[in-house]
Amino acid sequence: MSNVLRYKGYAARVEFDADDHVFVGTIAGISDGVGFHADTVTALEAAFREAVEDYVETCAKVGKAPQRPYSGSLQFRVSPELHANVARAAELSGKSLNQWGEEVLRRAADADAP
């Protein structure tokens, strides 16, 4: 079971509000607050698509580029020892550090995905 909706490169996490008996979602990965809600799954999916379309249109109207969730570039710091171990593991597997790292991160993310 997944609590995630995807549309045009955007994703949203969905929760159920038991007090109001509605599904509530927000677009993830952008700082602009874009939310939506509905009382059925079908209506929720439509509301999400509409929220994405409205967000992109509103940005165009005000002359602002819509935020994209993620660029695909990831940079972080690790200890020199870990860096050496990771580089060695990538080389021994016959892959570039980027290829190896993407595979490892994908497996970890898939294992933890909602």
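- Val78 and Leu97 fall within the same hydrophobic cluster, where Ile, Leu, Val, Met, Phe, Trp and Tyr residues are linked whenever their side-chain heavy atoms come under 4.5 Å apart, directly or through other members.
- For the residue pair Asp19 and Asp17, the shortest heavy atom distance occurs at N-OD1, 2.9 Å.
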- Item | Step-by-step side-chain contact (heavy atoms from CB on, under 4.5 Å) determination, Leu5 to Tyr10 | CA-CA 8 Å; Leu5 294 174; Tyr10 291 92; over 6 Å; no
- Just do the side-chain contact (heavy atoms from CB on, under 4.5 Å) check on Val86 and Val104 with the steps written out, would you? CA-CA 10 Å; Val86 166; Val104 170; over 6 Å; no
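- Residues Ala11 and Val4 share a closest heavy-atom pair of CB-CG1, 4.2 Å.
- Separating the CD atom in Glu15 from the OG1 atom in Thr26 is a distance of 7.5 Å, to the nearest 0.5 Å.
- Surrounding CD of Glu91 are at most 12 heavy atoms belonging to other residues, nucleotides or ligands under 6.0 Å away.
- The two atoms that bring Gln99 and Lys95 nearest to each other are OE1-CA, 3.4 Å, heavy atoms only.
- Shortest non-hydrogen contact noted between Ala90 and Ser96 is CB-O, 3.9 Å.
- Alongside Val24, the hydrophobic cluster contains Val22 (criterion: ILVMFWY side chains under 4.5 Å).
- Leu82 and Leu74 fall within a single hydrophobic cluster, where Ile, Leu, Val, Met, Phe, Trp and Tyr are joined by side-chain heavy atoms under 4.5 Å apart, directly or via other members.
- The minimum heavy-atom distance linking Phe36 with Ala47 is given by the pair CB-O, 3.9 Å.
- Taking CZ of Phe23 as the start and CG of Asn3 as the end, the distance is 9.5 Å to the nearest 0.5 Å.
- Counting only residues at least two apart or in different chains, side chain to side chain donor-acceptor pair (under 3.5 Å) contacts with residues 32-44 comprise Asp32-Tyr55, Asp32-Lys64.
- Separation of atoms OG1 (Thr58) and CD (Glu53) is listed at 11.0 Å; rounding is to 0.5 Å.
- The two residues Ala51 and Gly35 make their nearest non-hydrogen contact at CB-O, 4.3 Å.
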